[in-house]
Asker: 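First, the structure itself, so that you have it in front of you.
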Amino acid sequence: MKALSRGKQRAHLMRDRVVWQAASLLLAYPDEGFIRRLQLVEELSGHLRGRAQHLLRQTVAGLWRYETLDAAIHYVETFDLRRRATMYLTYWTAGDTRNRGREMLDFASAYRDAGVEPPAKESPDYLPVVLEFAATVDSRAGHQLLATHRTSIDVLQKALADAGSPYQYAVAAVCETLPPGDPNRVQHLTECGPPAEAVGLQPFTLTVPARRDSA
């Protein structure tokens, strides 16, 4: 029975890693690798079953409608021009407060503890980066980071659903891999916004939504 239980745990973990990798590819900025990433997600989703597979394929189907340039424009309009749809996870838990710098250090420390350096060109709490880390480097540490910031992911998913974006399904697939969130907390943040404090952030400072040279 214990062996069976461990086998099921390994199967669930492998499923989660596939979901995280697929969602990371879908949530990346649509550059010259956009079409290839959609093809990879189609291949990855073939290893899944049930709701997660269905959700990922809905995002793929929605994005196939765009040429790469149009997809890039849609991406910027979706994530960079809507504060509620930010993919920086500490924004909703710490806002513009001193706690945000400390929370981002938690992400950077998790990466270093797993033997990798935080990304040089992106904030360590950026959802596609966290998903890639969870899928390919340290699934347990990555799961912990995602679960701790489940509320931020839920707020993002709700914003994408309200906007009718195909990205909503990829984020919903990620939610399928995490413990249940707190709907009351999500509603509160959606209505009232994140914590606010007029201080500088160290050692990380970024603008939300982030400025993108490619945009």
Asker: Taking Arg36 first and then Glu43, would you say they form a salt bridge - that is, a charged N and a carboxylate O separated by under 4.0 Å?
Answerer: yes
Asker: Verify whether the ring centers belonging to Tyr167 and Phe79 lie closer than 6.0 Å.
Answerer: yes
Asker: So which atom in Ala22 and which in Val41 form the shortest heavy-atom distance, rounded to 0.1 Å?
Answerer: O-CG2, 3.6 Å
Asker: Using a 3.5 Å distance criterion without hydrogens, assess whether the side chain of Asp125 forms a donor-acceptor pair with backbone atoms of Thr90.
Answerer: yes
Asker: Look up atom CD1 in Ile35 and atom CD in Glu67, then write down how far apart they are to the nearest 0.5 Å.
Answerer: 7.0 Å
Asker: I need the single residue from Phe107, Tyr91, Trp92, Tyr88 that forms a ring pair (Phe, Tyr, Trp, His ring centres under 6.0 Å) with His149. Which is it?
Answerer: Phe107
Asker: Under the side-chain contact (heavy atoms from CB on, under 4.5 Å) rule, what do Val171 and Leu27 come out as? Steps first, then yes or no, please.
Answerer: CA-CA 9 Å; Val171 177; Leu27 294 171; 4.2 Å; yes
Asker: Any donor and acceptor pair, going by atom type alone, linking the side chain of Arg49 with main-chain N or O of Gly46 inside 3.5 Å?
Answerer: yes
Asker: Starting from Val186, can I reach Leu189 by hopping between I/L/V/M/F/W/Y residues whose side chains sit under 4.5 Å apart?
Answerer: yes
Asker: Do Val137 and Val130 belong together in a cluster built from hydrophobic side chains that touch within less than 4.5 Å?
Answerer: yes
Asker: Val18 and Gln53: side-chain contact (heavy atoms from CB on, under 4.5 Å), yes or no, with the steps?
Answerer: CA-CA 10 Å; Val18 172; Gln53 180 192 60; over 6 Å; no
Asker: Considering non-hydrogen atoms only, spot the tightest contact between Pro183 and Gly181 and give its length.
Answerer: CD-O, 3.4 Å
Asker: Donor-acceptor pair, Tyr111 side chain versus Pro124 backbone, under 3.5 Å?
Answerer: yes
Asker: Quick one: does Glu132's side chain have a donor or acceptor within less than 3.5 Å of a partner on Val129's backbone?
Answerer: no
Asker: Could you walk me through whether Val19 and Glu176 pass side-chain contact (heavy atoms from CB on, under 4.5 Å), step by step?
Answerer: CA-CA 9 Å; Val19 172; Glu176 290 289 307; over 6 Å; no
Asker: Out of curiosity, does Leu55 fall in the hydrophobic cluster containing Trp20 (side-chain heavy atoms, cut-off under 4.5 Å, transitive links)?
Answerer: no
Asker: Answer yes or no: is there a side-chain heavy-atom contact under 4.5 Å between Tyr169 and Val60?
Answerer: no
Asker: Calculate, to the nearest 0.5 Å, the distance between atoms OH and CG belonging to Tyr66 and Leu38 respectively.
Answerer: 12.0 Å
Asker: Can you see whether Arg57 engages Ser45 through a side-chain donor-acceptor pair at a distance of less than 3.5 angstrom?
Answerer: yes
Asker: Which value, rounded to the nearest 0.5 Å, describes the distance between Met14 atom CE and Leu48 atom CG?
Answerer: 11.0 Å
Asker: Examine distances only and state if a side-chain atom of Thr148 and a backbone atom of Gln144 form a donor-acceptor pair shorter than 3.5 Å.
Answerer: yes
Asker: Closest heavy-atom contact between Leu178 and Val174?
Answerer: CG-O, 3.5 Å
Asker: If I take atom OG1 from residue Thr190 and atom CZ from residue Arg84, how far apart are they, to the nearest 0.5 angstrom?
Answerer: 5.0 Å
Asker: Return the CG to CG distance between Leu40 and Leu26, rounded to the nearest 0.5 Å.
Answerer: 10.0 Å
Asker: Between Ser139 (side chain only) and Ala134 (backbone N and O only), is there a donor and an acceptor less than 3.5 Å apart?
Answerer: no
Asker: Salt bridge check, Lys158 against Asp162: does any charged N sit closer than 4.0 Å to a carboxylate O?
Answerer: yes
Asker: Measure the shortest side-chain to side-chain distance between Arg140 and His143 over non-hydrogen atoms and say whether it is less than 4.5 angstrom.
Answerer: no
Asker: Tell me whether the count of non-hydrogen atoms from other residues, nucleotides or ligands lying under 6.0 Å of CD in Gln39 goes above 12.
Answerer: yes
Asker: Is Thr59 reaching over with its side chain to a backbone N or O of Pro166, donor-acceptor style, under 3.5 angstrom?
Answerer: yes
Asker: Check Ala52 against Ala173 and note the closest heavy-atom contact, atom names and distance.
Answerer: O-CB, 4.2 Å
Asker: Keeping Arg112 on the side-chain end and Pro118 on the backbone end, is there a donor-acceptor pair under 3.5 Å?
Answerer: no
Asker: Where do Pro180 and Arg150 come nearest, in terms of heavy atoms and distance?
Answerer: CA-NH1, 3.8 Å
Asker: Between Leu146 and Leu131, is a side-chain contact (heavy atoms from CB on, under 4.5 Å) present by the stated rule, with each step listed?
Answerer: CA-CA 8 Å; Leu146 292 167; Leu131 291 169; 3.9 Å; yes
Asker: Just verifying a value: how many Å separate Glu42 CD and Leu25 CG, rounded to the nearest 0.5 Å?
Answerer: 12.0 Å
Asker: What are the two closest heavy atoms between Leu145 and Ala110, and how far apart are they?
Answerer: CD1-CB, 3.9 Å
Asker: Check the hydrophobic clustering (I, L, V, M, F, W, Y; side-chain heavy atoms under 4.5 Å; chains of links allowed) and say if Tyr75 and Trp64 are grouped together.
Answerer: yes
